[in-house]
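Taking it in order: structure first as structure tokens, then the write-up.
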Amino acid sequence: MDQIVVNNTDDKVQQISKTLFTVKNFAQKNKEIGAWPGSESAIWALRASAPENGFGDVFVTVGRRVLINEKKIWNAIDRLQEQKNG
């Protein structure tokens, strides 16, 4: 039988963990650098209407924890900006 070997799983886990933030951590990070959204309440407001406002794929729910995919939130913002300008 053939054996399947997965290399660099630690690297993949580190890449994923770098892009997923809790709401609190993401708000704190943005506040420190002066980026929007810089408050937890602004992020929760985005999540409350996520399917309608274009941020549906940004939030990941694991149990009771809500995580934010940093790459996807910036992509969603860029996409919305293009729609507005286009």
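A quick note: this is a predicted structure, and the numbers were derived from the prediction, not measured. Position 1 is the first residue of the sequence; numbering continues from there.
In this structure, the separation between CZ on Phe21 and CD on Gln28 is 11.0 Å, given to the nearest 0.5 Å. With values rounded to the nearest 0.5 angstrom, Arg79 atom CZ is found 12.5 Å from Gln81 atom CD. In this structure, the separation between CG on Leu67 and CG on Leu20 is 5.5 Å, given to the nearest 0.5 Å. Note: Asn75 CG to Leu80 CG = 11.0 Å, rounded to the nearest 0.5 Å.
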Tell me which donor-acceptor pairs under 3.5 Å the side chains of residues 36-58 have, and how far apart each pair is, sequence neighbours excluded?
| from | atom 1 | to | atom 2 | distance (Å) |
| --- | --- | --- | --- | --- |
| Ser39 | OG | Ser41 | OG | 3.3 |
| Ser39 | OG | Ala42 | N | 3.2 |
| Arg47 | NH2 | Thr61 | OG1 | 3.2 |
| Ser49 | OG | Asn53 | ND2 | 3.2 |
| Asn53 | OD1 | Phe55 | N | 3.0 |
| Asn53 | ND2 | Leu46 | O | 3.1 |
| Asn53 | ND2 | Ser49 | O | 3.3 |

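Contact check for Ile73 versus Phe26: side-chain heavy atoms found under the 4.5 Å cut-off.
Shown here are the side-chain contact (heavy atoms from CB on, under 4.5 Å) partners of Lys31, two or more places apart in sequence or in another chain: there are none.
Here the closest non-hydrogen pair linking Ile68 and Val23 is CD1-CA, 4.0 Å.
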